[in-house]
Amino acid sequence: MSTSATTLAPRPVKPKLVRTASLEANPYNPRRLFDKEPMDVLRESIKKVGILVPLTVYWSKTKGKHVILDGQRRWICAQALRLKEVPVNVVAEPSVVQNIVTMFQIHKLREDWELMPTALTLAILMKETKDKNERRLAEITGLDIAVVTRCKKLLSYPKNYQDMMLDPDPTKRVKADFFIELYAVRNDRAVNQMQWFSKNTFTRRMLEKYRDRKSGLKAVTDFRLMKQFINNARKAHKLPEESKRLREFVENDVLTLEHLNIPSADVSASARRLLNSTSKLYSDLEKIDAEEYFGEEELWKAFEKLRDLITTKLKEADRRVKQ
Amino acid sequence: MKLPKQRGAPIDGARMREWLDDFAGYRVNVTEGRIDRWIDQFGTKHRDLSARVLDSVEFVSRSRVATAFRQGLRCIPGWHSRAAKRKGKWVFVPFTASAGESGDTMCHEFRIANGMGNRKFDNLFKYKSDLPDERLGPKDTVIFIDDFAGTGDQAIDHWERVLSELLPQQPTTYLVLLMANVGARRKISRNTEMIVLADTELRDSDNIFHVGCTHFSIADKKHLLKLCRRAKQDEPRGYGNSGLLLVFSHRCPNNSIPILHESNRRWEGLFRRSA
């Protein structure tokens, strides 16, 4: 199914004036809180010159009311100024998909949204559009493709785990990052082929270890190290040994992550060497005065090549890369 | 908060039996030995105070929970156990989500209390993460279930950040609680679309440290605060400074004073929150 942000935009029908009190806020606009300062500026402006840009509303058949699609802040100011009427452009009632797209546009404006509700809304969108392609979903919603990927990872967890991310108590709420970081191990093909492995038991045990700070688990990023040990074991053809160690680690709260590190498959020594040379290169690069080296074309080309390689490797390691 | 016995009333077998009867069914067994050890922590001079604190503990038993939840559902217009007689879709959801937490337990108790244990009611009980897919509209009803609201702040924040987004088409939404601070209930009603139904409302006088609580003298309160600090330095009056003497059979809320539930090197609570 072909869907784009343009085709999903509501179509205008006709402009008119409606009673301020007869309007209703958009239920798909979860942004209930507005910063006071910009609102004060808007109110002053409306007080002086009125509402210049009409609100976009639709007529809700179920509610028998005009519902605001765009212009909630102008409407709040109009109420505060006791304006009897506001100018509106009436558009056709949006579909579920159009409403969801509106919601995502609003999401883009706020950084501190919880990811799980976004993921659940994205699930509805995928169902409605029958499209799971991350690039297309990112295009429709305006979300970063990395956010779409993260949402899809969260949706792969059973409902009881999804609900843990929705707990009202911040001290009990499990951060989405925990499940996102665990995903790589939980869905590792080699791990899933281990006979004893059960996704649910594994997730539950890792959650217990992480919550109670057992097995030395301190940060969600510790699961990256776990994944690295498994990858190294696979490359060194030591998966049966790794399977045994992973099972022991899952069952035993005394064992630390280091238990998963098979010495002969260890790459940490070379990682340390790389880290040292990276630090050296970083410090040399920092000292460079760009103007002084302006004509050193070969050097700049080498830097560009290095930058591209670093970006590729970061992506391969599932790191978020700023565009 | 219950009325304690008079000052100087003997701490005898009869009083001990009353406590044991009152606190029967708590998740961590409350025995005579444990009560004795708890009282000993107050020191000889303050044994009477410790006994009056125990007298005042409001213990909510399972049967009281069941009654409250039956009452709660009866108050909600439009509910009928037969699907054909209900208007719109109805879903019941635990308000707190972590496994084994109060919302989970309360949802189970709610179900049993209202005779909905049968499998035919399974599809009415949902996870919070099921809600967007349920596509609930203005004619539908969502009932969130929990035990207690102390300050209301968490419920409001949760509504703004999560629930309003999970329920965009604005079904009628209830928050059914066993108990709520009267201020919390008002705050939630004012700041969210949820209709709060609480079986029991707590007032300022239920806060042991509040001036309105007259069961304990200023000197009593001063000494209790000292002991509460020993039990929990950073929240001596309980979460949100609630100062409650409230214990549910499934768990003592952290809004209650820490000498009731905290267990550490310096203090052994009678109503430990974990087994």
Side-chain angles (χ1 to χ4, degrees), chain A residues 24-33 60-65 67 94 96 99-100 102-104 106-107 110 112-128 154-155 157-174 203-204 207-208 211-212, chain B residues 88 93-104 107 125-140 144 146 148-171 173 175 188 191-194 235 239-240 253-255 274:
Chain A
E24 195 173 297
N26 178 11
Y28 275 92
N29 181 353
R31 195 171 52 154
R32 306 284 162 98
L33 301 169
S60 166
K61 281 177 219 144
T62 47
K63 290 178 181 168
K65 272 185 165 183
V67 179
V96 173
N99 269 326
I100 290 173
T102 307
M103 190 187 262
F104 279 119
I106 294 157
H107 273 223
R110 256 181 82 164
D112 60 342
W113 282 111
E114 301 286 342
L115 197 57
M116 194 59 220
T118 305
L120 293 168
T121 314
L122 191 72
I124 302 287
L125 188 67
M126 288 195 282
K127 215 171 177 180
E128 288 288 325
L154 296 182
L155 292 170
Y157 281 88
K159 289 283 172 189
N160 57 326
Y161 293 119
Q162 292 184 11
D163 270 28
M164 287 181 187
M165 289 174 258
L166 300 172
D167 198 295
D169 185 344
T171 62
K172 289 175 192 154
R173 192 183 310 144
V174 184
T203 309
R204 179 177 52 79
L207 193 56
E208 285 166 4
R211 273 185 165 172
D212 304 336
Chain B
V93 187
F95 193 64
T96 52
S98 312
E101 286 295 338
S102 53
D104 222 16
C107 207
F125 289 83
K126 300 284 180 189
Y127 285 107
K128 225 179 256 177
S129 48
D130 286 324
L131 290 174
D133 213 19
E134 288 293 317
R135 321 272 176 104
L136 302 164
K139 288 176 184 164
D140 304 317
F144 288 110
D146 208 354
F148 180 66
T151 62
D153 293 340
Q154 267 177 18
I156 293 166
D157 183 64
H158 192 49
W159 176 265
E160 279 163 1
R161 283 175 174 274
V162 176
L163 297 180
S164 57
E165 189 165 350
L166 301 185
L167 302 166
Q169 290 288 13
Q170 299 171 317
T173 307
L175 176 59
I188 298 170
N191 293 291
T192 75
E193 306 285 327
M194 292 189 281
E235 265 175 356
Y239 179 78
N254 61 358
N255 305 72
S274 56

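By convention in this document, chain letters (A, B, ...) are assigned in the order of the sequence lines, proteins followed by strands, and residues within each chain are numbered from 1.
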query: Considering the options A/D169, A/L166, A/D167, which one meets the side chain to side chain contact (heavy atoms under 4.5 Å, CB included) requirement together with B/T96?
result: A/D167

- line: side chain to side chain contact (heavy atoms under 4.5 Å, CB included) test vs B/P132 passes for just one of A/L122, A/L120, A/L125, namely A/L120

statement: For B/K128 and A/D163 the tightest heavy-atom approach is N-OD2, 2.7 Å

field: Any side-chain heavy-atom pair of A/M116 and B/V162 under 4.5 Å
entry: no

task: Go through the structure and list residues passing side chain to side chain donor-acceptor pair (under 3.5 Å) with B/Y239, not counting sequence neighbours.
output: B/Q154

statement: side chain to side chain donor-acceptor pair (under 3.5 Å) filter on A/K127, not counting sequence neighbours, yields B/D133

